[in-house]
Q: 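Please find one structure pasted underneath; my questions will follow.
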Amino acid sequence: QVRLVESGGGSVQAGGSLRLSCAASGYTYKASTCMGWFRQAPGKERERVATIRPGASTSYTDSVKGRFTISTDNAKNTVYLQMNALKPEDTAMYYCAAGYGLPANCDYGLRGSFGYWGQGTQVTVSS
């Protein structure tokens, strides 16, 4: 059984930093592995934040490029999201997700590539 557990959320002032972690258990890494972070703000749809594939191939939504970095530690089965220069509009529930899919589908955050989801961790950025 695959289980994803996020941690590291919290409240921070604008311009601050947070690092989210996602510990994955029961998940098997394959060539088609796709992992990522999504977020959902109140009243808005869930959106892709960043994805990562084997070989450290990453993709980001435009609004976080240059500020967020996704990475993995395969030895620890953990995915990270380093968030710098946080803005109030980054406030949301952040979800870790994992699955398998084609590279383009993964990069675009298509839901079919993410069959496993965590419970989420709240990030609140105040101005």
Q: Please find the pair of heavy atoms, one from Pro88 and one from Ser126, that lie closest to each other, and give the distance.
A: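 Reported closest heavy-atom pair: CG-C, 4.5 Å.
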Q: Under the side-chain hydrogen bond (donor to acceptor under 3.5 Å, both in side chains) rule, what do Thr33 and Tyr27 come out as? Steps first, then yes or no, please.
A: CA-CA 10 Å; Thr33 279; Tyr27 178 77; 3.1 Å; yes
Q: Salt bridge check: are Lys65 and Asp62 linked by an N-O gap of less than 4.0 Å?
A: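 So Lys65 pairs with Asp62 through a salt bridge.
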Q: Compare all side-chain heavy atoms of Tyr94 with those of Glu6 and state whether any distance is below 4.5 angstrom.
A: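 Contact flag for Tyr94/Glu6 side chains = no.
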Q: Taking NZ, NE, NH1 and NH2 as the nitrogens, is one of them in Asp90 or Arg39 under 4.0 Å from a carboxylate oxygen of the other?
A: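 Looking at Arg39 together with Asp90, the answer is yes, because their closest N to O distance falls below 4.0 Å.
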Q: Measure the NZ-CE distance between Lys44 and Met93 for me, rounded to the nearest 0.5 Å.
A: 15.5 Å
Q: Can you confirm whether more than 12 heavy atoms, excluding those of Glu47, are under 6.0 Å from its CD atom?
A: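 Result for CD/Glu47: enclosed.
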Q: For a quick test of reading the model, state the closest non-hydrogen atom pair linking Ala31 to Pro54 and the distance between them.
A: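 Of all heavy-atom pairs spanning Ala31 and Pro54, the closest is O-CG, 3.7 Å.
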Q: Are Val125 and Trp37 linked, directly or through intermediate hydrophobic residues, by side-chain heavy-atom contacts shorter than 4.5 Å (ILVMFWY only)?
A: yes
Q: I need the minimum non-hydrogen distance between Ala98 and Leu4, along with the two atoms involved.
A: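 Closest heavy-atom pair between Ala98 and Leu4: N-CD1, 3.8 Å.
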Q: Using 0.5 Å steps for rounding, measure from the CG atom of Leu102 to the OG atom of Ser113.
A: 7.0 Å
Q: At what distance, to the nearest 0.5 angstrom, does CG of Asp107 lie from SG of Cys34?
A: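 The distance works out to 7.0 Å.
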Q: With ring-ring contact (aromatic ring centres under 6.0 Å, His included) as the criterion, how do Tyr100 and Tyr29 come out once you've worked through the C-alpha distance, each side chain's angles and the decisive distance to 0.1 Å?
A: CA-CA 9 Å; Tyr100 308 99; Tyr29 284 88; 8.8 Å; no
Q: Return the CG to CE distance between Asn77 and Met35, rounded to the nearest 0.5 Å.
A: 8.0 Å
Q: Against Val64, only a single residue in Thr69, Leu86, Leu81, Val49 fulfils side chain to side chain contact (heavy atoms under 4.5 Å, CB included); can you say which?
A: Val49
Q: Mark yes when over 12 heavy atoms from residues, nucleotides or ligands other than Arg111 sit less than 6.0 Å from its CZ; otherwise mark no.
A: yes
Q: Keeping the roles fixed (side chain from Arg67, backbone from Gln82), state whether a donor-acceptor pair exists under 3.5 Å.
A: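 Judged by distance alone, no pair lies under 3.5 Å.
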Q: Hey, does Val79 have a side-chain heavy atom less than 4.5 Å from the side chain of Ile70?
A: yes
Q: Looking at CD of Gln122 and OG of Ser11, how far apart are the two atoms once the value is rounded to the nearest 0.5 Å?
A: 7.5 Å
Q: Check whether the side chains of Tyr108 and Thr51 place a donor and an acceptor atom closer than 3.5 Å, and report yes or no.
A: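 Per modelled atom types, Tyr108 and Thr51 side chains form no pair under 3.5 Å.
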Q: List the atom of Gly36, the atom of Phe114, and the distance in Å for their closest heavy-atom pair.
A: N-CE2, 3.7 Å
Q: Please check if any side-chain donor atom of Ser59 sits under 3.5 Å from a side-chain acceptor atom of Arg53, or the reverse.
A: no
Q: As a quick check of understanding, evaluate ring-ring contact (aromatic ring centres under 6.0 Å, His included) for Phe38 and Trp117, giving each step before the final call.
A: CA-CA 10 Å; Phe38 293 71; Trp117 292 81; 4.8 Å; yes
Q: Can you give the donor-acceptor pairs under 3.5 Å from side chains of residues 12-26 to other protein atoms, not counting sequence neighbours?
A:
residue	atom	partner	partner atom	Å
Ser17	OG	Asn84	OD1	2.9

Q: Less than 4.5 Å apart, side chain to side chain, heavy atoms only: is that true for Tyr80 and Thr72?
A: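 No. Closest side-chain heavy atoms not under 4.5 Å.
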